[in-house]
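In listed order, ligands and their atoms are each counted from 1.
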Amino acid sequence: MSKLFRAVIMGPPGSGKGTISERIAHSFGLKHLSSGDFVRENIAAKTEAGVLAKTYIKKGLLVPDHVMTRLLLPRLEEMTKYSWLMDGFPRTLAQAEALNSACDLDVAINLNIPLETLKERLRHRWIHPLSGRVYNMCFNPPRVQGIDDITGEPLIQQEDDRPEALVARLRHYKDVAKPVIDFYKAKGILYTFSDTETDLIWPNISTLLSTKIPAIQSDARCASTH
Ligand SMILES: Nc1nc2c(ncn2[C@@H]2O[C@H](COP(=O)(O)OP(=O)(O)O)[C@@H](O)[C@H]2O)c(=O)[nH]1
Ligand SMILES: Nc1ncnc2c1ncn2[C@@H]1O[C@H](COP(=O)(O)OP(=O)(O)O)[C@@H](O)[C@H]1O
């Protein structure tokens, strides 16, 4: 049997983690795990961790490390048979260390996108709040302006995505992410991609993963579910 593949993808808000994760999951047959989706599922199911997480998200804060690890690590235990890509976790060094004790990663993808590009993208980002589905009014617009493709419900723009809030958010991201990036660099698994467009970054990520993911597994991708 081929070795399972485990990766994380990091980058500031708007860097394209969700967009690129979907492409990776589709092309390489990995499970796409999203910390934001897990948090939203737990909020919807009113689990203990979900109720706690909601109080932080409402204030625009990161969910504390112990809540995130309590929420995520059991989900990873259910994934022992699968190759996966995690989007949105770890965001802090404590989370990276907790993940490191739970499993060995093969690759950490780091997206490095210019500030002006992030501002421009997030200005056009609209989301369906219940599912977390993300649209961009230029790059991937919904079929009907302002309406979610799947549910027909209205889309909203997050307060956090306004340009004024973004600069502070990005500064905070950099401070918190730096030790995580250094942690993966020291392990020799960090791959940084810098460009202004997902379509320019994607071929490089695809080439990297083709060399890392055993061929047998990508051949079997049609049989996988995600
Ligand atoms: N113009 C443009 N928008 C992009 C590109 N890649 C992603 N987006 C959009 O930018 C926003 C942020 O992307 P997303 O994948 O949600 O980033 P995340 O916050 O890192 O998960 C979304 O509205 C995407 O549709 C790109 O190359 N060009
Ligand atoms: N690894 C994490 N650590 C702390 N909080 C997290 C983490 N992942 C998600 N969250 C919380 O869930 C919210 C939604 O996550 P996500 O969908 O990744 O959104 P965003 O793109 O706004 O960061 C975050 O704003 C944050 O409050």
Side-chain angles (χ1 to χ4, degrees), residues 8-25 32-44 49-50 52-73 75-76 85-99 109-142 148-149 155-163 165-166 168-170 172-173 176-177 180 193-205:
V8 293
I9 182 162
M10 303 172 52
S15 57
K17 296 181 295 296
T19 307
I20 291 173
S21 297
E22 282 302 317
R23 290 192 190 183
I24 294 175
H32 171 199
L33 312 177
S34 149
S35 65
D37 285 353
F38 285 148
V39 171
R40 281 182 284 273
E41 280 167 23
N42 275 267
I43 291 176
L52 204 53
K54 192 173 173 181
T55 61
Y56 291 90
I57 293 183
K58 268 179 27 196
K59 294 185 207 145
L61 298 172
L62 283 185
V63 177
D65 292 333
H66 69 278
V67 180
M68 280 313 294
T69 46
R70 182 146 45 105
L71 213 140
L72 274 177
L73 295 185
R75 293 299 290 267
L76 292 185
L85 168 73
M86 175 79 89
D87 155 20
F89 184 97
R91 268 179 162 88
T92 66
L93 184 58
Q95 292 179 10
E97 284 167 346
L99 182 60
I109 296 172
N110 178 33
L111 302 176
N112 180 26
I113 313 294
L115 173 67
E116 283 311 310
T117 308
L118 297 175
K119 277 196 200 163
E120 185 57 22
R121 280 185 194 175
L122 294 184
R123 211 158 62 80
H124 296 290
R125 174 156 82 171
W126 288 74
I127 64 159
H128 176 245
L130 273 183
S131 67
R133 259 186 298 284
V134 172
Y135 299 89
N136 180 291
M137 290 311 165
C138 313
F139 184 69
N140 66 330
D148 179 46
D149 286 351
L155 302 175
I156 62 153
Q157 194 162 32
Q158 286 174 305
E159 279 289 298
D160 276 10
D161 284 351
R162 285 179 300 119
L166 189 68
R169 225 173 135 201
L170 289 173
H172 178 68
Y173 169 81
V176 174
V180 183
F193 298 89
S194 309
D195 219 315
T196 52
E197 288 297 322
T198 293
D199 287 346
L200 296 174
I201 287 177
W202 170 243
N204 299 329
I205 292 186

Colleague: Could you go step by step and tell me if F89 and M10 meet the side chain to side chain contact (heavy atoms under 4.5 Å, CB included) rule?
Modeller: CA-CA 8 Å; F89 184 97; M10 303 172 52; over 6 Å; no

Colleague: Out of L33, I20, I9, which one pairs with L85 under the side chain to side chain contact (heavy atoms under 4.5 Å, CB included) rule?
Modeller: I9

Colleague: Does P129 have any side chain to side chain contact (heavy atoms under 4.5 Å, CB included) partners at least two apart in sequence or in another chain, and if so, which?
Modeller: I156

Colleague: How far is atom 26 (C) of ligand 1 from the closest protein heavy atom, and which atom is that?
Modeller: E197 OE1, 3.3 Å

Colleague: For Y135, counting its heavy atoms only, list the atoms of ligand 1 lying under 4.0 Å from any of them.
Modeller: 23 (O)

Colleague: Do R133 side-chain atoms and H128 backbone N/O form a donor-acceptor pair below 3.5 Å?
Modeller: no

Colleague: Applying salt bridge (Lys or Arg N to Asp or Glu O under 4.0 Å) to E120 and R125, what does each step give before you reach the verdict?
Modeller: CA-CA 9 Å; E120 185 57 22; R125 174 156 82 171; over 6 Å; no

Colleague: For a 4.5 angstrom cut-off between non-hydrogen side-chain atoms, does I24 reach H32?
Modeller: no

Colleague: Of the side chain and backbone of N136, name the one, both, or neither that has a heavy atom under 4.0 Å from an atom of ligand 1.
Modeller: both

Colleague: Quick one: are L155 and Y135 in side-chain contact, heavy atoms under 4.5 Å?
Modeller: yes

Colleague: Looking only at protein heavy atoms, which one is nearest to atom 27 (O) of ligand 1, and how far off is it?
Modeller: T198 N, 2.7 Å

Colleague: Side chain or backbone of R121 under 4.0 Å from ligand 1, or both, or neither, by non-hydrogen atoms?
Modeller: side chain

Colleague: What's the separation between atom CG in N140 and atom OG1 in T19, rounded to the nearest 0.5 Å?
Modeller: 6.0 Å

Colleague: Say whether D199, considering both its backbone and side-chain N or O atoms, lies within less than 3.5 Å of an N or O atom on ligand 1.
Modeller: no

Colleague: Considering heavy atoms of the protein only, find what lies nearest to atom 25 (O) of ligand 1 and give residue, atom and distance to 0.1 Å.
Modeller: N140 OD1, 2.8 Å

Colleague: Indicate yes or no: at least one non-hydrogen side-chain atom of I57 is less than 4.5 angstrom from one of I43.
Modeller: yes

Colleague: Heavy-atom distance to atom 18 (P) of ligand 1: which of K17, E22, R23, M137 wins?
Modeller: K17

Colleague: To the nearest 0.5 Å, what is the distance between CG (L52) and CE (M68)?
Modeller: 11.5 Å

Colleague: Judging by distance only, is a nitrogen or oxygen of D87 under 3.5 angstrom from one on ligand 1?
Modeller: no

Colleague: Can you list, by chain and residue number, every protein residue with a non-hydrogen atom closer than 4.0 Å to ligand 2?
Modeller: S35, G36, R40, I57, L61, L62, V63, M68, G88, F89, R91, Q95, R125, R169

Colleague: Distance to 0.1 Å, residue and atom name: give those for the protein heavy atom nearest to atom 21 (O) of ligand 1.
Modeller: G18 N, 2.9 Å

Colleague: Numbering the atoms of ligand 1 from 1, which are under 4.0 Å from a heavy atom of V134?
Modeller: 16 (O), 22 (C), 23 (O)

Colleague: For atom 11 (C) of ligand 1, what's the nearest protein heavy atom and its distance?
Modeller: R125 CD, 4.0 Å

Colleague: Quick one: does any side-chain atom of Q95 pair with a main-chain N or O of T69 as donor and acceptor, under 3.5 Å?
Modeller: no

Colleague: Considering both backbone and side-chain atoms of F139, is one of its nitrogen or oxygen atoms within less than 3.5 Å of a nitrogen or oxygen in ligand 1?
Modeller: no

Colleague: When the side chains of residues 195-204 are checked against the rest of the protein, which donor-acceptor pairs come out under 3.5 Å, sequence neighbours left out?
Modeller:
unit_1	atom_1	unit_2	atom_2	d
D199	OD1	R23	NH1	2.9
D199	OD1	R23	NH2	2.9

Colleague: Can an N or O of P13 be found at a distance shorter than 3.5 Å from an N or O of ligand 1?
Modeller: no

Colleague: May I ask you to list the atoms of ligand 1 that are less than 4.0 angstrom from any heavy atom of P12?
Modeller: 20 (O)

Colleague: Report the residues that fulfil side chain to side chain contact (heavy atoms under 4.5 Å, CB included) with N112, sequence neighbours left out, ordered by chain and then residue number.
Modeller: T192, S194

Colleague: Identify the protein heavy atom lying closest to atom 17 (O) of ligand 1, giving its residue, its atom name and the separation to 0.1 Å.
Modeller: G16 N, 3.1 Å

Colleague: Considering only heavy atoms of G14, which atoms of ligand 1 have at least one such atom less than 4.0 Å away?
Modeller: 12 (C), 17 (O), 18 (P), 19 (O), 20 (O)

Colleague: Decide whether an N or O pair under 3.5 Å exists between H124 and ligand 1.
Modeller: no

Colleague: What are the two closest non-hydrogen atoms of P142 and M137, and how far apart are they?
Modeller: CD-SD, 3.8 Å

Colleague: Using a 4.0 Å heavy-atom threshold (strictly under), name the region of T19 that reaches ligand 1: side chain, backbone, both or neither.
Modeller: both

Colleague: Spell out, as yes or no, whether a donor-acceptor pair under 3.5 Å connects the side chain of S21 to the backbone of K17.
Modeller: yes

Colleague: Counting only heavy atoms closer than 4.0 Å, does ligand 1 sit against the backbone of W126, its side chain, both, or neither?
Modeller: neither

Colleague: Would R75 and M86 count as a side chain to side chain contact (heavy atoms under 4.5 Å, CB included) if you check the C-alpha gap in whole Å, the side-chain angles of each, and the deciding distance to 0.1 Å?
Modeller: CA-CA 11 Å; R75 293 299 290 267; M86 175 79 89; over 6 Å; no

